[in-house]
K.L.:
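Sharing a structure below in structure tokens format, with a few things to ask.
When reading the values below, keep in mind they use all heavy atoms of this one structure, side chains included, and skip hydrogens, waters and symmetry mates. Below, chain A is the first sequence line, B the second, and so on; all start at residue 1.
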Amino acid sequence: MQASSKPSPMAQIWHIVSMIPQGKVYSYGKVADLAGLPGRARLVSKALRAAPPEMALPWHRVINSQGKISFAEHTPPFIEQMQCLRAEGVIVNRGRIKLSDYEWQPDIATLVLSLPY
DNA sequence: TAAGTGACGTCGA
DNA sequence: CTCGACGCCACTT
């Protein structure tokens, strides 16, 4: 059984990102881990850029492991991401976000039920 | 095939 | 805590 093909890495990444709750953030590296792609954080950024706008993926909730927005400060994309986060109640200072307050703590049960076994 | 690039991560100064 | 160097991976030149 289970002869069906497993989802593409990009589809897996999109799936994980779509699960990040409003008002919470998660790092590229951890998204990659949950997607079953350890060590491929850079693939996550690529997947977000490739995501069609129609799917309204919450890309702004993905930041780097240091709790900062990865775009260069003062650039249009940086400002857009910061505003999206603030609109959800996330406090952003100079591109920095307090992970101890806003990092998503994925529920194990939810994860198990959502992964493609 | 080698070298460059990037919405990353980790470690040490 | 901030920075730079280096490691990494998947492309692109």
K.L.:
Atom CG of A:N64 and atom P of C:dC3: how far apart are they, to the nearest Å?
P.N.:
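It is 13 Å, rounded to the nearest whole Å.
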K.L.:
What integer distance in Å separates A:I13:CD1 from B:dC8:P?
P.N.:
13 Å
K.L.:
Starting at the 5' end of DNA chain B, which residue's closest nucleotide do you reach first, A:L43 or A:S27?
P.N.:
A:L43
K.L.:
Contact class for A:R42 vs. all strands (heavy atom < 4.0 Å): base, sugar-phosphate, or nothing?
P.N.:
base
K.L.:
Can you identify which nucleotide, out of B:dG9, C:dC9, B:dA7, has its nearest atom closest to the A:R40 side chain?
P.N.:
C:dC9
K.L.:
Rounded to whole Å, please give me the gap between OH in A:Y26 and P in B:dC8.
P.N.:
17 Å
K.L.:
Rounded to the nearest Å, what distance is computed from the CH2 atom of residue A:W59 to the P atom of nucleotide B:dC8?
P.N.:
13 Å
K.L.:
Rounding to a whole Å, what distance do you find between A:R49:CZ and B:dG6:P?
P.N.:
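So the two atoms are 9 Å apart, to the nearest Å.
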K.L.:
Please classify the nucleic acid contact of A:R96 as base, sugar-phosphate, or nothing, using heavy-atom distances under 4.0 Å.
P.N.:
sugar-phosphate
K.L.:
Using OP1 and OP2 only, check whether a side-chain N or O of A:S65 sits under 4.0 Å from B:dG9.
P.N.:
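Yes, within the criterion.
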K.L.:
Scan A:V17, A:L34, A:I63, A:V62 and name whichever one has a side chain to side chain contact (heavy atoms under 4.5 Å, CB included) with A:Y26.
P.N.:
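Answer to the side chain to side chain contact (heavy atoms under 4.5 Å, CB included) test with A:Y26 among A:V17, A:L34, A:I63, A:V62: A:L34.
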K.L.:
With a 6.0 Å cut-off (strictly less than), is the heavy-atom count around NZ of A:K68, excluding the residue itself, greater than 12?
P.N.:
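It does not: A:K68 NZ has 12 such atoms or fewer within range.
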K.L.:
Would you call A:I97 and A:I91 a side-chain contact if the rule is heavy atoms closer than 4.5 Å?
P.N.:
no
K.L.:
Whole-Å distance between C:dG4 P and A:K68 NZ?
P.N.:
11 Å
K.L.:
Should A:P53 and A:W59 count as side-chain neighbours, where that means a heavy-atom distance under 4.5 Å?
P.N.:
no
K.L.:
Let me know the distance between CG of A:L37 and P of C:dC8, rounded to the nearest Å.
P.N.:
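After rounding, the gap between these two atoms is 18 Å.
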K.L.:
For the side chain of A:K46, starting at C-beta, report the closest nucleotide among C:dA10, B:dA7, B:dG9.
P.N.:
C:dA10
K.L.:
Across the strands shown, which category fits A:Q66 at heavy-atom distances under 4.0 angstrom: base, sugar-phosphate, nothing?
P.N.:
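Base contact.
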K.L.:
Quick check against the 3.5 Å criterion: does A:R61 have a side-chain atom that pairs as donor or acceptor with the backbone of A:I20?
P.N.:
yes
K.L.:
State which of B:dT10, B:dC8, B:dA7 makes the closest approach to the side chain of A:A41.
P.N.:
B:dC8
K.L.:
OH of A:Y28 versus P of B:dT10: gap in Å, rounded?
P.N.:
14 Å
